Amino acid sequence: MTSTPAVRAFAHANIALIKYWGKFNLEHNIPLVSSLSLTLDSYGTTTKLLACGDEHDSFILNGEGQLGLPAIKVQRFLDFVRMKTDKKQKFIVESSNNFPTKSGLASSASGFAALALAACTSLDWELSKKDLSRLARRGSASAARSIFGNLALLHGGVLSDEQAYAEEISEKLAVRLIIAQCSTAEKDIASTDGMNASSRTSPFFPVFVDQQPKDIDDALLAIATNDVAMLGEIMEYSTLKMHSCCFSAFPGFWYWNESTISVMNAVKKLRKQGATAYFTMDAGPHVKILCPSDQCADIMAELKGNSAITQLDQAGPGRGAYLLDEPQI
Ligand code: PMV
């Protein structure tokens with residue numbers, strides 16, 4: 001047994017306003033397109049790394065020991081950090097999410113961002129935030145963005161490992177994201193499988209990729225001019241194009257359910273009534289609704305009675321990943 005201290009890190013989830021979908025490089029997990037996200041102040045993952053004398057790492061998620069793919073992904077990630085730091089230390093990794101896991105609510109983003117920070121701290125690897133973001137990207141590309149707070153841009157494309165990092169955007173927006181959960185089940189198509197199927201077989205995928213730089217530029221302009229409606233319009237366009245790549249894959253597949261459509265319709269209706277509300281969906285059925293902060297309470301009140309929604313939460317811009325306490329032996 002070594003006396004390497006336990007380290008606890010926390011990272012918030014983030015939701016892409018302009019979606020990443022498709023990988024340029026599978027081995028280094030480099031996204032084929034850039035993406036833009038909002039880090040959420042209310043959803044997040046706490047990860048504790050405890051050094052152990054075992055031959056393997058173990059991974060406990062939400063109190064349950066994990067075997068199979070989730071454990072392999074964590075082990076592979078730690079192997080990479082050990083290789084880079086020339087250390088052999090194994091760990092018991094204990095993670096807990098304060099929101100549903102693997103349901104398209106960005107648990108891998110907050111999970112790998114917290115793990116990256118805890119692993120580097122445990123193994124005395126001092127990284128800049130940019131390099132920490134590159135490291136987190138290896139676990140899950142969206143995790144690169146959760147290293148940062150507020151709004152984050154993740155560079156993707158035909159890029160090297162060096163070039164594929166996220167950075168925080170300096171502008172702040174007075175917005176909130178309402179999270180309308182539309183199912184309590186875990187998703188059955190992992191995002192990597194979904195994006196690989198889309199990029200291999202959807203005739204729409206090349207169009208999605210070609211238009212991404214313009215969507216990013218338009219979204220950055222909307223942010224710079226504080227235009228929440230313009231940002232919302234581009235955000236809806238982005239999510240609908242991403243999901244169209246799933247519908248048009250061969251065979252087609254979808255992450256939505258009946259409730260997803262029902263909430264999208266409710267958002268459109270609210271908009272007709274004058275609200276500034278726009279939807280976005282990830283690799284799961286839940287609908288996230290972007291709105292100006294001062295309209296959030298009214299929109300929440302309108303959605304409260306909607307029977308399609310299993311839980312209604314809201315979040316504002318959150319901070320980047322951080323250590324929860326000083327290392328303790
Ligand atoms: O990074 P991953 O593998 O969790 O994939 C994220 C995919 C989307 O959530 C649909 C889009 C995004 O940019 O976060």
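Everything numeric here is computed off the predicted structure, so don't read it as measured data. Just so you know, ligand 1 is whichever comes first in the structure, and atom 1 is the first atom listed for that ligand.
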Practice prompt. Test salt bridge (charged side-chain N to carboxylate O under 4.0 Å, His left out) on Asp79 and Arg82 and set out the steps.
Written response: CA-CA 5 Å; Asp79 283 344; Arg82 280 187 286 259; 2.8 Å; yes
Side-chain donor-acceptor pair present, [X], [Y], cut-off under 3.5 Å:
X      : Y      : result
Tyr237 : Asp218 : no
Asn265 : Ser262 : no
Lys19  : Thr280 : yes

Worksheet item: Any heavy atom of Ser140 sitting closer than 4.0 Å to ligand 1?
Response: yes
Worksheet item: So His243 and Trp256, would you call those rings parallel, tilted or perpendicular, with 30° and 60° as cut-offs?
Response: tilted
Worksheet item: Going by the angle between their ring planes, with limits at 30° and 60°, are Tyr255 and Trp21 parallel, tilted or perpendicular?
Response: perpendicular
Worksheet entry | Mode of Ser108 contact toward ligand 1 - side chain, backbone, both, neither (heavy atoms, under 4.0 Å) | side chain
Practice prompt. Check Arg145 against ligand 1 and report side chain, backbone, both or neither, counting heavy atoms closer than 4.0 Å.
Written response: side chain
Can you name the atoms of ligand 1, numbered from 1 with element, that are less than 4.0 Å from a heavy atom of [X]?
X      : result
Ser142 : 1 (O), 2 (P), 4 (O), 14 (O)
Ala16  : 12 (C), 13 (O), 14 (O)
Trp21  : 10 (C)

How far is [atom] from its nearest protein heavy atom, and which residue and atom is that?
atom                    : value
atom 3 (O) of ligand 1  : Ser191 OG, 3.1 Å
atom 11 (C) of ligand 1 : Tyr20 O, 3.3 Å
atom 9 (O) of ligand 1  : Asp282 OD1, 3.0 Å

Worksheet item: Cation-pi between Lys73 and Phe77: NZ/CZ under 6.0 Å from ring centre and within 45° of the ring axis?
Response: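 Here Lys73 fails the 6.0 Å and 45° test against Phe77.
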